[in-house]
Amino acid sequence: MTMPRLLMGDNQFFGINHASEEKARSLAIRFQRIESIIRVLEVAYAEGVRTFMCTTHERISEVCDYFRTNRARYPDFQFYPCMPYAHKYANAATELGMIGALRSFLPEENPLKAALKGGVAVARKDIATLGGLLIDAEMKMFHDLPTPVIFLQNAATDFLLGMGLDVGLLAFANHVRERYGAEPGFITMNLPMLLPRLEKLGIERPIICANINKIEFRMCGGRLAYEEIIAQDRCRTIAMSVFASGALPAEEALTYVCQQPGIESIVFGASSRAHIAQTRDLVERLSQPNAA
Amino acid sequence: MRAALVGLGKMGLSHFAIVNAHPRLSLQAVCDSSKYLLEILGQNTGVKTYSDVDELLANEQLDCLFIATPSSSHATLVEKALRRGLAVFCEKPFVLDAAEGYRLADLADSAHLANQVGYHYRFVATFAEAKRLLGLELLGHIHHVRAEAYGPVVLRPAGSSWRSKKTEGGGALFDYACHAIDMLNNLFGLPSAVSGTIFNSVFSEAVDDEIYSNLHYKEGMSGQLAVNWSDESTRKMSLRIHAWGTNGRMSVDRQEMQIYLRKAHAGEGLEQGWNTRDTTSLTKPVWFYLRGEEYSAQIDHFVACIERGQTPITSFRTASDTDLIASMMRADSAATRTAIAFPGRGAASTTVRQVVTAPRGLRRVARWFGARGEGRA
């Protein structure tokens with residue numbers, strides 16, 4: 001399975017900007033209607049960017065509906081779902097408590113739901129079962145759409161990594177492979193810590209998506225550690241936050257990323273045809289073997 | 001250093017991951033009332049689990065304790081840990097009774113034990129930079145400050161967790177407002193009085209969902225606080241601080257700092273007019289990231305303070321200051337209001353006067369603090 005060089009991200013559609021709350025709000029206003037998101041994705045498709053790496057935010061289900069209905073027009077448009085949408089869980093935990101939140105996302109008929117309510121002691125395999133149910137709930141909106149890579153969001157990956165809940169990382173990888181025939185991907189802010197852990201769990205050359213940018217923004221363990229690991233080709237790397245939320249000019253940012261040997265894909269957020277085309281052309285040019 | 005953690009709610013689990021990933025901390029044991037969680041963690045992470053904190057403290061050799069239980073249990077747990085000679089990191093709000101908070105601060109200080117409360121906004125790069133720049137007095141004489149905190153916590157009239165109970169430390173006052181008050185204290189010092197406080201419920205039955213209050217400082221500086229945790233328009237809690245001075249103004253939130261200067265400041269490279277600095281360039285990398293650098297940075301600070309015998313920047317004492325001001329706002333909310341009677345449409349203008357009874361234990365502290373624990377009747 002190959003991954004395209006460029007992936008369209010979705011932060012811009014959900015009012016997320018790490019550098020400015022005002023920019024974030026103006027994006028939220030601009031993409032209030034799902035049609036405006038779809039319009040950008042259509043433009044991206046026309047410009048050759050045909051993979052949408054998106055959070056399992058409830059609004060994405062309308063995007064899924066659209067591309068399912070219009071499959072004939074966009075036959076090779078694909079999704080890389082990233083789960084879970086962490087705020088959904090965090091808000092539920094605030095309102096319902098930890099266990100209550102977990103229960104609220106489980107299907108009614110499942111016996112685990114009752115077990116959670118009763119606080120019944122459970123066996124080790126429960127984590128895998130519980131994880132599987134939560135993944136299935138998040139994946140519902142993507143039915144009949146191609147999802148060749150399914151990601152665990154950094155909030156979840158890094159939480160499991162920090163807790164030492166390796167069983168959760170493994171359960172995610174196994175379930176995604178077995179149930180969806182997809183490659184598991186891991187988004188992280190801690191690549192140098194995560195990779196050895198995944199290797200220890202027997203997950204070979206995992207797909208890892210991490211911040212990779214010239215100014216070392218959210219690259220825990222340091223830029224040098226990242227560069228060293230990426231060059232070793234032990235994982236299939238997707239670079240994100242390459243512009244560091246606009247802190248870096250496009251060409252400077254992409255020059256750095258394209259020069260790193262071993263970065264397979266770049267995920268970027270854009271909301272106009274000009275920006276999409278510019279990024280595509282820059283990445284094409286800078287990825288040439290002799291690019292300056 | 002050997003650590004244990006009590007309370008495995010949202011913050012507790014977050015601390016679990018960060019403490020466990022810290023190179024100089026070893027998480028030995030956790031304690032919670034949920035058997036299900038303990039079972040999962042015990043089986044899968046190797047950490048020792050307890051459902052009784054006394055048992056944990058008796059059995060484990062520890063250097064520090066992390067407390068992330070509901071606020072009403074903090075005082076008892078903190079005291080137990082201090083009596084055993086442990087450094088303590090406690091979640092905010094610290095204790096609901098400020099007098100109790102100061103007593104615990106004295107206890108910790110006299111035993112030379114590092115003590116910290118989880119006011120993580122002080123570790124956000126933009127706010128830390130704001131503090132540094134304000135220290136250079138580049139705004140001139142500051143005459144007004146404002147703190148705003150909005151976010152989506154209570155969006156419907158339900159909820160049965162401890163957050164919906166006033167006695168457990170629930171309500172927007174002890175959740176959102178404390179962060180805003182603590183940041184004002186951190187950046188501008190302590191106020192000497194509060195007035196005109198409004199507590200209002202939007203959806204909650206038993207607790208406040210929004211709080212507005214005026215703060216009065218020495219040297220004529222005034223302040224206002226606006227807090228609303230029933231605002232769905234923000235994705236997560238957004239805290240923003242504004243300050244107006246004779247040489248310009250500043251607005252700062254977790255993403256960005258905007259400074260307007262009437263006179264440039266060459267040393268800091270700040271121009272006359274608008275200047276912006278954002279978190280992507282200000283934030284220093286942490287050893288492990290989960291949810292935000294500040295959560296890791298505060299734990300790292302705690303560890304460094306234990307090792308160096310220093311007092312953390314968000315100590316029991318600063319957290320008690322915050323608790324006290326929050327309590328004074330609650331007391332003030334029942335105080336004087338001026339009724340308006342429109343001519344020809346009712347009785348003549350009257351002033352409604354009520355006497356405020358400050359919560360138990362607060363009056364003594366209020367006197368100590370120099371504020372008035374009674375209404376302005």
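Everything quoted here is computed from the prediction, not taken from an experiment.
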*asked:* For A:Glu21 versus B:Ser238, what's the shortest heavy-atom pair and its separation?
replied: OE2-OG, 2.9 Å
*Please tell me if the side chains of A:Asp166 and B:Thr45 come closer than 4.5 Å, counting only heavy atoms from C-beta onward.*
no
*Among all residues two or more places apart in sequence or in another chain, which pass the salt bridge (charged side-chain N to carboxylate O under 4.0 Å, His left out) test with A:Asp136?*
A:Arg179
*Check each atom of B:Arg240 against the heavy atoms of chain A and say whether the ones under 4.5 Å are side chain, backbone, both or neither.*
side chain
*Quick check: does any side chain N or O of B:Asn44 sit under 3.5 Å from a backbone N or O of A:Leu165, one acting as donor and the other as acceptor?*
no
*If you round to the nearest 0.5 Å, how far is OG of B:Ser14 from CG of A:Asp158?*
11.5 Å
*Would A:Arg218 and B:Glu293 pass as an ion pair if we require N to O under 4.0 Å?*
yes
_A side-chain contact here means heavy atoms from C-beta on lying under 4.5 Å apart; do B:Val47 and A:Met163 qualify?_
no
*Can you pull out the residues in residues 23-30 of chain A with any heavy atom less than 4.5 Å from chain B?*
none
*Is chain A contacted by the side chain of B:Leu155, its backbone, both, or neither, given a heavy-atom distance below 4.5 Å?*
neither
*Measure the spacing between CD of B:Gln255 and OG of A:Ser20 and express it to the nearest 0.5 Å.*
7.0 Å
_Any side-chain heavy-atom pair of B:Tyr289 and A:Cys220 under 4.5 Å_ = yes
*Measure B:Ser34 against the heavy atoms of chain A and call it side chain, backbone, both or neither at under 4.5 Å.*
side chain
_Point-to-point distance, once rounded to the nearest 0.5 Å, from CZ of A:Phe243 to OG1 of B:Thr280_ = 13.5 Å
*Heavy-atom closest contact (A:Phe159 atom, B:Leu13 atom, distance)*: CE1-O, 3.5 Å
_A:Leu130 CG to B:Ile40 CD1 distance, which is reported to the nearest 0.5 Å_ = 6.5 Å
*A:Gln260, CD atom: more than 12 neighbouring heavy atoms under 6.0 Å*: yes
*Supply the atom-to-atom distance B:Arg291 CZ to A:Met189 CE, rounded to the nearest 0.5 angstrom.*
13.5 Å
*asked:* Could you report the tightest heavy-atom contact between B:Phe288 and A:Leu161, atom names first, then the distance?
replied: CE1-CD2, 4.1 Å
*asked:* Just so I know, are the side chains of A:Glu22 and B:Gln258 near enough to count as touching, which here means a heavy-atom distance under 4.5 Å?
replied: yes
*Evaluate whether atom CD of A:Glu252 has more than 12 neighbouring non-hydrogen atoms of other residues, nucleotides or ligands under 6.0 angstrom away.*
yes
*CD/B:Glu271: more than 12 non-hydrogen atoms of other groups inside 6.0 Å*: no
